[in-house]
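Reviewing the structure listed below.
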Amino acid sequence: MFVAPSSPDIRTARMLVSRAAPGNFAYAACTLLVGALIAIWKEHPVAWLALIVVQVALGGLRFRRCRRFEMLYPSDPGKWIRHFRLASLGLAISWGLLTILITGTYGVGSELVLVMLVTTGLGGGVISALSADLGMVASVLVTILGLPALAALSLPAPQNLQLSVMFGIYLGYCLSQARIQNRQMRAELAAADLLETRSRELNVAKHQAESASEAKSLFLANMSHEIRTPINGLLGMTELTLATELTAEQREFLELARHSGRNLLSLVNDILDFSRIEAGRLELDLQDTDLRALVGRTVDALVVGNAGVHVPVTWHVDETVPSLCRLDPLRLRQILTNLLGNAIKFTRNGSIQVRLRSVPRDEGGVWLEGEVIDTGIGIAADKLDAVFGTFAQADNSFAREFGGAGLGLAITRQLVVLMDGTIAVTSTPGQGSTFSFRIAATVSPRRTAADGNGSTAEAAAAPGSGLDVLVVEDNLVNSRFVEKLLERRGHRVQVAANGRLGVEASGAADFDLILMDVQMPEMDGLAATRAIRQREGNNGVHVPIVALTAHASNEDRDRCLAAGMDDYLTKPLRVPLLDVILEQLAGPRVTA
């Protein structure tokens with residue numbers, strides 16, 4: 001049934017506006033055209049002119065309704081749709097009256113044929129324009145086609161019945177088409193509703209996911225700080241104790257404790273890195289890097305610091321590799337460390353080789369192609385695709401011989417992808433595995449004094465001496481560790497238990513270097529640094545301030561530098577890096 005709704009929803013009304021607007025003055029235009037072709041205006045000038053005036057007025061009313069829709073409809077939807085319907089129905093009646101006038105004047109002839117053709121065209125236009133409102137389109141079609149059918153009944157037989165039947169059939173066809181188009185429009189609106197609902201749900205889910213990710217990142221950052229701080233104390237005190245006179249048994253126990261502490265630190269670093277990668281917050285820090293020194297130090301550090309090395313480990317950097325390449329040395333070292341550490345863990349006989357070569361890249365620069373080859377237990381063919389998965393291992397059984405969290409290779413793959421590269425593995429069970437990777441790098445034109453002369457670390461390793469150092473640290477174990485470490489190197493140390501005390505101490509005495517923790521009570525390290533820098537701005541003195549914190553992300557480093565710190569060290573403290581800082585930064589103060 002065709003039922004006219006009292007007031008269609010705003011989306012249906014908008015469809016009426018967009019579809020009906022082009023036909024607002026179509027009736028007046030058609031009346032003018034018919035009058036010009038068959039000279040009805042000469043036969044009935046007053047009636048013809050009156051119809052045109054009415055059509056222009058009704059078309060203007062509908063035009064204004066359409067143009068001011070967004071302002072008029074929301075304030076009074078019922079009034080808007082009533083005016084629109086009355087205008088549309090009035091236009092249909094005016095055209096029906098014109099067909100009656102022409103039929104009564106000319107009877108059967110070319111004039112009637114012309115009017116019938118225009119009428120059928122207007123009927124088709126009504127279907128397209130008004131089908132969004134099924135009740136309105138039905139009333140307009142009955143009017144615009146029914147009045148000509150009634151007028152045809154006044155013609156002589158048999159033309160009267162023939163024409164009336166033709167109009168009746170066409171009217172039925174138009175009504176069925178209107179219903180079909182109305183269903184299609186309703187389906188489009190339903191689909192739009194569903195899409196809008198899904199879009200809102202996705203926005204809510206996206207917001208919740210972002211909030212959860214932010215909360216997780218904050219949680220991991222805080223947990224990383226809380227875990228790194230005691231690890232720093234444990235490893236630091238273990239290192240200090242190992243430097244004292246010990247029995248062989250005591251040294252063995254402490255070395256095992258140090259090894260366990262380093263494994264725990266590695267696990268914490270892996271979890272934090274994986275979280276950053278997963279959140280898309282891990283960024284590369286590009287630097288000019290001596291790859292030969294980097295590979296050599298990485299291999300040496302693993303071999304010397306790993307008690308589980310049972311086979312010789314060799315490395316070779318091909319002569320095709322440039323002296324200096326611009327890339328992120330920390331992430332390349334992490335890739336090599338993970339792959340080489342994996343090889344050491346699974347290789348009991350034979351050897352391990354690390355190789356690095358370069359090939360030209362189409363975009364300029366080079367591809368660095370690395371391989372870590374071992375003769376270990378190997379990986380079964382059906383496990384090769386799983387080894388790079390998160391928390392995945394080739395052997396997940398409770399009886400497996402080799403432990404681990406299963407994050408190393410997953411992080412390695414993500415780091416390689418971040419460096420625009422690829423990674424793959426080939427393996428034969430019982431014979432060994434080869435992990436090969438390719439990363440992008442650019443060739444640096446600058447050379448350093450260390451090129452061809454060994455590692456720059458050796459040149460920087462000599463610690464400073466006789467410096468006045470302020471250690472601002474709230475953790476008693478960590479402050480004691482750093483204090484003893486510096487005193488053994490011949491420095492004079494003062495400790496402040498929080499940022500406020502650190503600001504006061506730095507103003508009461510002259511220091512060559514300030515080691516500043518970040519997370520402290522009363523005043524954190526960032527606020528303390530800003531306070532010190534503000535005071536220095538008045539006296540023209542600049543004391544080097546180095547962050548010493550368990551917060552280990554690039555964002556944390558940027559915040560420290562932005563607050564006015566000169567450098568950044570993470571906990572657990574790596575003593576060689578501190579020695580480099582002492583050498584480079586703890587010199588004579590710079591005056592403005």
Side-chain angles (χ1 to χ4, degrees), residues 218 221-241 243 261 265 268 463-464 466-536 539 541-553 556-557 559-575 577-579 581-582 585-586 589:
L218 181 60
N222 289 333
M223 288 304 298
S224 171
H225 177 275
E226 296 302 322
I227 295 173
R228 282 170 177 272
T229 297
I231 291 178
N232 180 61
L234 289 172
L235 290 179
M237 288 304 178
T238 302
E239 294 287 351
L240 290 176
T241 307
L265 176 62
V268 172
L467 302 176
D468 292 307
V469 182
L470 174 63
V471 177
V472 186
E473 169 66 69
D474 66 309
N475 185 280
L476 180 62
V477 175
N478 285 330
S479 63
R480 184 65 172 164
F481 162 57
V482 176
E483 181 182 8
K484 285 297 181 182
L485 189 69
L486 292 171
E487 287 178 349
R488 288 186 177 184
R489 282 159 170 71
H491 305 302
R492 296 170 295 278
V493 183
Q494 181 176 337
V495 177
N498 57 54
R500 179 183 60 80
L501 296 176
V503 173
E504 294 175 358
S506 65
D510 295 332
F511 293 97
D512 299 303
L513 176 65
I514 299 176
L515 295 176
M516 180 76 71
D517 188 19
V518 172
Q519 186 170 312
M520 293 180 291
E522 295 195 41
M523 177 184 285
D524 62 46
L526 301 180
T529 299
R530 285 190 287 266
I532 293 172
R533 293 300 183 223
Q534 183 177 7
R535 184 181 61 215
E536 289 178 345
N539 56 29
V541 174
H542 182 91
V543 178
I545 301 177
V546 176
L548 184 58
T549 175
H551 290 293
S553 69
D556 297 320
R557 180 179 185 276
R559 281 194 291 269
C560 291
L561 297 181
M565 296 184 182
D566 297 276
D567 213 326
Y568 178 89
L569 291 174
T570 61
K571 300 174 184 176
L573 178 64
R574 286 176 286 181
V575 177
L577 294 181
L578 176 61
D579 287 338
I581 294 295
L582 293 170
L585 291 181
R589 295 181 207 176

Do L578 and L486 touch side chain to side chain, with heavy atoms closer than 4.5 Å?
yes

So, taking the atom named CD in Q534 and the one named CZ in R530, what distance separates them when rounded to the nearest 0.5 Å?
10.5 Å

Return the minimal non-hydrogen interatomic distance between A496 and L501, and the atom names on each side.
CB-C, 3.8 Å

Determine yes or no for a side-chain-to-main-chain donor-acceptor pair under 3.5 angstrom, with R535 supplying the side chain and V503 the backbone.
yes

All heavy atoms of D510 vs all of D468, minimum pair found to be O-CB, 3.9 Å

For A528 and M523, which heavy atoms make the closest approach, and how far apart are they?
CA-SD, 3.6 Å

Below 4.5 Å, heavy atoms only, C-beta onward: do L467 and L513 meet side chain to side chain?
no

Rounded to the nearest 0.5 Å, the CE atom of M237 sits from the CZ atom of R480 at a distance of 7.0 Å

Short side-chain to backbone donor-acceptor contact, E536 and V543, under 3.5 Å:
yes

Identify the two heavy atoms, one from A547 and one from V518, that lie closest to each other, and give their separation to 0.1 Å.
CB-CG2, 4.5 Å

Between R533 (side chain only) and G564 (backbone N and O only), is there a donor and an acceptor less than 3.5 Å apart?
yes

What is the distance from atom NE2 of H491 to atom CG of D512, rounded to the nearest 0.5 Å?
9.5 Å

Can you give me the closest heavy-atom contact between A563 and T529, atom names plus distance?
O-CG2, 3.5 Å

Taking all non-hydrogen atoms of both residues, which atom of F481 and which atom of L240 are closest, and how far apart?
CD1-CD1, 3.6 Å

Do L548 and N478 have side chains that get closer than 4.5 Å, going by heavy atoms?
no

Between CG on residue L515 and CG on residue L485, distance to nearest 0.5 Å:
9.5 Å

D566 side chain vs V546 backbone, donor-acceptor pair below 3.5 Å
no

Reported CE-to-CD1 distance for the pair M565 and I545, which is rounded to 0.5 angstrom:
6.5 Å

To the nearest 0.5 Å, what is the distance between CD on Q519 and CG on L526?
10.5 Å

Heavy atoms from other residues, nucleotides or ligands near CD of E487 exceed 12 (cutoff 6.0 Å):
yes

